[in-house]
Every structure is written in structure tokens, then in C-alpha cells.
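Just so you know, ligand 1 is whichever comes first in the structure, and atom 1 is the first atom listed for that ligand.
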Amino acid sequence: MKYAEVIIDITNENVDKIFHYAIPENIKNTIKLGMRAFVPFGKSNRLREGYIIGFTNETEINENLIKNIYSLPDNYVIFNENMICVAKYMADKYYCSLSECLQCIMPKITKNKFNNYININYENDNINELIENIISKNNQQSKVLKFLLKNDNIKSDEIQKVLGISRSPINTLEKNGIIKITPKQIKREPINIQDYKKTLPLPLNDEQNFAFNFIKNKIYEKSKKPILLHGVTGSGKTEIYLQLIEEVLKIGKKAIVLVPEISLTPQTVERFIGRFGEKVSVTHSKLSDGERFDQWKKAKDNEIEIMVGARSAIFTPFENLGIIIIDEEHESTYKSESTPKYDVKQVAEKICSLTGATLVLGSATPSIDTYYKVENNQYDIVCIKNRVNYNMPKITIIDMRKELEKGNMSIFSKPLFEAIKENLKNNMQTILFLNRRGHSTFISCRKCGYVMECKNCNVNYTYHLKDNKLRCHYCNNIENVPNVCPNCSSNYIKYFGIGTQKIEEQIKKYFNNARVMRMDMDTTSKKNSHQNILEDFKNHKADILIGTQMIAKGLDFPKVTLVGVIAADITLNSGDYKSSENAFQILTQVAGRAGRSTVKGNVFIQTYNPDHYSIKFAKNNDYIGFYNKEILERKIMFYPPFSNIFFIMICGDNESNVINAINFLHKVMLYYNQKTNFYISDVAKANIYKINNQYRYKIIIKAKEETRLKNFVLYCINILKNKIDTNKVTIILSLNPNYIS
Ligand code: ADP
Ligand code: ZN
Ligand code: ZN
């Protein structure tokens, strides 16, 4: 082939196409599909990074004008053919450029890390003479030589440290051919395999065995359908994953396991490394670029067989992939919120269709979308109805209105309070869940009703106890607490609404002997703090763990026998079309933390909406009941999975620019909709109408067909950009986003 097809790594609509470059003689034999290349670009021929995504013999460019590839920086391929297909699929599906997708798939390429090992250069014919010459002197070079005569293969920085010398005598010795420095690449390791105890496969119970065989057969049949493993919390799904992976490795194939970022705890990692040791690697966003790159490279070089990681681990460059497992498949974090806004389940399906790997989705509370696909025969399903210990926790719903009638003004209902007391007495552990951080969630004046609001956002300030400050959870602005009302100067400033800090304060007040820990965004900002809290709680260094959704999922602590949900209403009232689904999931998941070992678990859910179906079905652990009710709602309201929703938001610091742009867009849409007949909302302020001094307006469109809807929106946006100066506003497009706000 004469020419290479190159995608240039620039995010700019005008360069979002394939460029042809000639392949000079010197790289003809090394160039391969999927490599990175440096190429001269534009009038100035500035060198740019690009990716080779194809070869061709034909080009419409004049042969005299075509430029040569400048160089190939790596000696390996970054994207195999399948990954290039995946990138093209993503560019089309998530309406972004191919270059953006390729960048998303590849790791940040970092320099290899080396250790320099030093030895005496015995290959030098005059070596003995040279050593005598130097060793008799009393200088740093002689110190080094004396040391090396007794020790060999020593790292250069070690010699420097031991002898307390600088680098320069080592350099001089090397220059004069007396010593040899051999660089040896080292891989940056995020985990220490030695820390993990080896585990053996557990004998599966009947239900587990059935599910295991069901999926195993599908793997051998090379079934194309994804499989939903629907098993209640604590039903032993992870053990099934482990044994399935073992099967896959037996036939020489590789495995990718995705878990939500938040549950990438030592506990999860331990289960995979404990079973498979150094065959496993782990990747996630908290690793350094170097660590991540090295894990990617290990997969590429066949040094590992299993990758466990968060969303982006889907792009692990395994050849011969056998299985992709997506645990807690209902989690919203599987959908990226930045460009490319990909849904990892869709990408996984694409990868499986290209590679023949089997896709397994696991959950106790499958997403409505996934279950709908099961009902429509697009996915297979296998269920586990019982826990390994055959003991589901007992869930009690508490009507907080009645507590108030009885004169109980506290955060804790009587039954929950008594249960906490009892659990402490029995030396067992308790989890208290509230999906809101901070202390008080709004501060207002009792006299005039003024509410303290962030000056950059139309969001109430949250009071934080630790530094006695008001904080905006959207722009992180911090302000002092006023002594008098800024509006009427009265001093009746009152604190309302509860966050996790307030729970902590109240628990300490009522149970002053209890050891309490709190886990939320405020206590987990430091590296490893997340892990440390969980590790301490596991080792019973605290009796009560208070937290946000961070503690709701995946944790398996045998001594936790009580779970309290302080206010189920927060999730119920989020104002999103998925709020019932989210509430059902989070209540079931958090309840699932209780009683996972021998002692029965107890769960108390406090709410002002005890009759809400999410709460009722969660209480009865009735997923199917919930699904049947919810799918009907979705159908009536024409929400996904019956429609696709396109969410369009325009924001900017000049409100009238924003309004102009969105009104114009709306008119264009209504005009072209005469043919298409989509549902198009009015222009409205976003739920949070100002964040960080950016005004936000939205339009929502619903339609049955995804591609037509997407084309329609992109067409109208194009007209908007051509007719109006949109440089001063930001246009945000989301197809079926996690939240519609
Ligand atoms: P899930 O992922 O479905 O929530 P887990 O895999 O965490 O469930 O299993 C719950 C608990 O049961 C874990 O402590 C696990 O070690 C244990 N377990 C799983 N399978 C078995 C088995 N076959 N025999 C004994 N214990 C098991
Ligand atoms: Zn703010
Ligand atoms: Zn006032």
C-alpha cells in the first residue's frame, strides 16, 4: 500500500476527517495499522500526533503535494483492528469525532520507567590496570569501585545513597569505560500481589451451580446474546464470576471485569487477586498515568489475563477476549458524562460482537432498560433468588409523619433508635445511610424567610460543621455564616435540613460510647482515605458507619446486622424520570449490606412517603413487581426504553445570549419538526438555572427512533451555528443522559 490513512489528534470539527500521507522507505517495514505517527500538518507543517487507521493505494491528492509521515514514535500497535472498529462505532453512536474516540480508547502514553544497574566493565581489556590506578586514590570514584568489587548489579541511586555521593563519579567511571550501566525497565505496580491471600473455588450451591452452568454453556455455544445474571444481594454472584473466568482461562482466553468506580475497594480487588494472583491487573482513575499505562501495556504484551477496573477498563487491549463481566450493571457511572458520552454496556456489546466474547451483566436490581431487553428476548437471563445464607434481611418501613404526631422531633424514629442501642449492646455493627453530605442543607431567616444562596449559583448553601462555614456544593464557594440576616438584620438565623455531618453529631450526642466513622465526599478527598475507612470499619474499629451512596454498594461486612436509611425521600424526590428506579435500587442495595453472614439483618427505612411503590417493592424484595409497575409508567409517559430522550442545554455567562440562541434553536426545531413529529418541549430554565455564573436553559426532545432523532438534532444545531454567533455560549448535547435536569 502506498498511502496511510491518518486521523490527526486535534479536537476541531474541520480536521475531523481522514488525511492521506505517503509512507517513506525507512518505515515501510515497520509501519502497522493502529500505530501512532508524527506527521507534518497544515501550511506550517507543524508536527502533529496522529493514528494510522488504514492504508490505501488511491488518493485524490496530487502526488507531488502529498506529505510523508515523519516518524513512528512507538514500536508497537496501539489500536488493533477491532478497536478501530469500536472507535468508529463510538464516533457515530455518540456524535463525536473519531479522534476523540481514539483518544478515549488509548491510555496516556508515558515514558517507560527504568532502573539503572551498575557493574564493573570486565569486557574492557585494560580493566585491571584502570582499577589500580583509581583505587589507590582517596576520592569518590575509588569509593564507588571499592564498593563494586564487593557487590555487583547495584542500582545507581542505591550506591549514591549508601556512599553518600553525587552522580558525577559514576558518570565519569562510565565515560572512561570502567563501569557499565544497564537500564532495566520496571513496571509501575498499583497493587502488591504479595498482600493477598490465595483463595480456592468454593463449592457452589444449587442455584449458583445452575447459573454457572447456564452461562458456561452459552460461552461454549458462542451465543451472541448478552446474559443477565439477576441475583439478590449476597447471592454469591462474585463467586460465579470467578469460576466463569477460570473456565475462560482454561480455553486460553482473557477476561475483563468492570465494577463501578466507587466499589473498586480492596475488598473487590482482593477477591480477584486472591483467586488468580499475578494473572490479574487493576486499573481505575485514581492511578497515575504511568501506572495505568503499564497495566495497559501488560495486557497488550500478554503478561496478564484478567483486567479488573472501572468503566475505561473496557478498552483493555486483550487479543483473544473470552468474557466481559459488568457487575452492578444498573450503575449510572457506566455511562460517561464527558465526550465521548459512551455507554459502556453498548460498547461492551459491540466488542463482544466483534470478538465473539460473552457479555455477562450482573445485578440484584437490573436497570429497567436491561430487563426490558430480557423481556424482548434480546438478552438471556438466569436468576438466583436466595442468598448464600438463605437469610434476607427484615425490612421495616417507618412513617416519619407518625413519629412527628407522637412528638418525636429527632432525626431517628423510635424503632431505629432502639435498634441502634440494641446493636451496640450486642457488639455488632450498624450502617446509617443518608444521601446528602454536609451538616444542614439550608440556612434561613425565621423572620423574613430569606435563604442563604450561593452568589454564583442558584443553589442553597450547605452548612459544614468542621470549619463552621457555608459551602456551595456546585461551585465550591465558601462563605462565613452570618450573625444577622443579610436581608432584614434579624438574628433569627436557623439551620434546616440534615446531612451526614448532622447524623454524626446526633449519634455522638445520644450514644456517646459508640465509635463512629463517616464516609462521604468530605472525608474521602485524600488518596486512600476511602480504602482506609472501609478497612478500619471491616476490622471493627468503629461501631457505626454513616455515609452517602458511597457506602450503599458492594460492601460485604459480616458484623453489619443493622442498616438505617435516614430519609428515603431524598432520592425519591430528585425530580428525574428515573427517580423511582434509582430509589428502588439504592434502597435494595443499602438494605443488602445487612445480615450477610450468620446473624439475621435488620433494616429500617424512614420516609414521609411510605406508600410509594419504590419503597413498598423494596421492602418485599420484589424486583419483578417493581419492574411491572415502572415499565407501565414509562410507557404511559413515553420515556425510555419506549423512547429516546435528547437533552439539549445551552449555557453562558450572558443570559440574553443564551436565551437568543436557545430560542432560535427552538424555532428551527419546531419548523423542521413539521415533517418528523417528535415531541419537543418548550424552552425552559434548567432545574438548577445558574451554576458558577453560567445561565442554563434546556430543550427536551423525545422520539422513538434513535438515529433519526440524533440526525434531527445535529441538523438543527448546525443551522443554529451557521446563523447565530454561538462562540459565546456552550451547547451541551446528551442522548439518554443519566439525569435530566
Ligand atoms: P453478591 O455478589 O451476589 O452480592 P457475594 O459474591 O458477595 O454476593 O457473596 C456473598 C457472601 O457469600 C460472600 O461473603 C461470599 O464469600 C459468600 N459465598 C459465595 N458463594 C459461596 C458458596 N458457594 N459457599 C459459601 N459461601 C459463599
Ligand atoms: Zn455556587
Ligand atoms: Zn431576615
Side-chain angles (χ1 to χ4, degrees), residues 197 199-212 229-244 257 259-260 263 265 267-268 270-272 274-275 325-329 360-366 382-393 443-462 470-479 482-494 538 552-560 588-598 601 688-694 696:
K197 257 209 281 311
T199 67
L200 291 170
L202 296 170
L204 299 179
N205 64 31
D206 288 350
E207 276 192 296
Q208 280 178 312
N209 208 26
F210 181 84
F212 168 74
L229 172 58
H230 181 198
V232 297
T233 56
S235 58
K237 295 186 289 294
T238 311
E239 185 61 37
I240 297 176
Y241 302 151
L242 292 166
Q243 301 198 16
L244 286 171
V257 183
V259 297
S263 57
T265 57
Q267 249 199 327
T268 314
E270 192 177 332
R271 296 178 77 171
F272 289 90
R275 191 67 52 87
I325 294 165
I326 304 184
D327 191 29
E328 312 281 8
E329 68 85 27
V360 176
L361 308 172
S363 177
T365 52
V382 60
C383 303
I384 312 181
K385 299 214 159 56
N386 292 291
R387 277 192 168 180
V388 172
N389 68 4
Y390 290 96
N391 214 345
M392 290 304 284
I443 291 87
S444 100
C445 167
R446 274 226 167 143
K447 195 157 171 223
C448 74
Y450 179 84
V451 176
M452 292 290 296
E453 192 178 272
C454 173
K455 59 178 188 286
N456 307 323
C457 313
N458 86 313
V459 169
N460 296 339
Y461 275 124
T462 299
L470 301 177
R471 274 170 197 271
C472 171
H473 284 183
Y474 285 82
C475 72
N476 288 323
N477 191 35
I478 300 175
E479 231 182 87
N483 294 322
V484 295
C485 171
N487 185 45
C488 75
S489 302
S490 89
N491 44 21
Y492 298 110
I493 304 279
K494 269 288 269 187
K538 185 182 173 187
K553 294 147 198 172
L555 307 181
D556 187 30
F557 298 133
K559 289 193 92 176
V560 173
T588 307
Q589 294 290 344
V590 73
R593 300 313 109 209
R596 293 170 71 89
S597 184
T598 45
I688 299 173
Y689 140 74
K690 192 176 83 169
I691 294 182
N692 229 343
N693 290 317
Q694 299 274 311
R696 298 145 47 92

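- For atom 17 (C) of ligand 1, the nearest protein heavy atom lies 4.0 Å away or farther.
- With hydrogens left out, the protein atom closest to atom 19 (C) of ligand 1 is Val388 CG2, 3.6 Å, a heavy atom.
- Annotation: angle subtended at the Zn ion (ligand 2) by Cys475 SG and Cys457 SG is 110°, to 10°.
- When the heavy atoms of Glu207, Gln208, Glu239 are ranked by distance to atom 23 (N) of ligand 1, first place goes to Gln208.
- Side-chain contact, Asn386 with Glu207: a donor N or O sits under 3.5 Å from an acceptor N or O.
- In terms of N/O distances under 3.5 Å, ligand 1 is not approached by Leu204.
- Ranking protein heavy atoms by distance to atom 14 (O) of ligand 1, first place goes to Asp556 OD2, 2.7 Å.
- What sits closest to atom 21 (C) of ligand 1 on the protein, heavy atoms only, is Leu202 CD1, 3.4 Å.
- Some N or O of Pro203 is nearer than 3.5 Å to an N or O of ligand 1, by distance alone.
- With a heavy-atom cut-off of 4.0 Å, Arg387 does not touch ligand 1 at all.
- Atom SG of residue Cys457 and atom CD1 of residue Ile691 lie 6.0 Å apart, to the nearest 0.5 angstrom.
- The atoms of ligand 1 that sit less than 4.0 Å from any heavy atom of Ser235 are 1 (P), 3 (O), 8 (O).
- Residue Arg271 touches ligand 1 through its side chain alone, judged by heavy-atom distances below 4.0 Å.
- For the pair SG of Cys485 and SG of Cys445, the angle whose vertex sits at the Zn ion (ligand 3) is 110° to 10 degrees.
- Taking any N or O of Arg596, backbone or side chain, at least one lies under 3.5 Å from an N or O belonging to ligand 1.
- Proximity of Thr238 to ligand 1, defined as any heavy-atom pair under 4.0 Å, is shared by backbone and side chain alike.
- Atom CD of Glu453 sits about 6.0 Å away from atom CG of Asn460, to the nearest 0.5 Å.
- For the residue pair Thr462 / Arg471, no side-chain donor-acceptor distance below 3.5 Å is found, with atom types taken as modelled.
- Using modelled atom types, one finds a donor on one side chain and an acceptor on the other under 3.5 Å when comparing Thr365 with Gln589.
- The protein atom (non-hydrogen) at minimum distance from atom 4 (O) of ligand 1 is Gly234 N, 2.8 Å.
- Contacts with ligand 1 closer than 4.0 Å are made by no heavy atom of Pro558, backbone or side chain.
- Between the side chain of Asp327 and the backbone N or O of Val259 there is no donor-acceptor pair closer than 3.5 Å.
- Expressed to the nearest 0.5 Å, how far CD1 of Ile326 lies from OH of Tyr241 amounts to 10.0 Å.
- Using modelled atom types, one finds a donor on one side chain and an acceptor on the other under 3.5 Å when comparing Glu479 with Tyr461.
- For the side chain to side chain contact (heavy atoms under 4.5 Å, CB included) test with Tyr450, the passing option among Ser444, Cys445, Pro482 is Cys445; the others fail.
- Of all protein heavy atoms, the one closest to atom 8 (O) of ligand 1 is Gly236 N, 3.0 Å.
- Environment of OH in Tyr474: sparse, with no more than 12 heavy atoms of neighbouring residues, nucleotides or ligands closer than 6.0 Å.
- Here SG of Cys472 is found 6.5 Å from CG of Asn477. Values are rounded to the nearest 0.5 Å.
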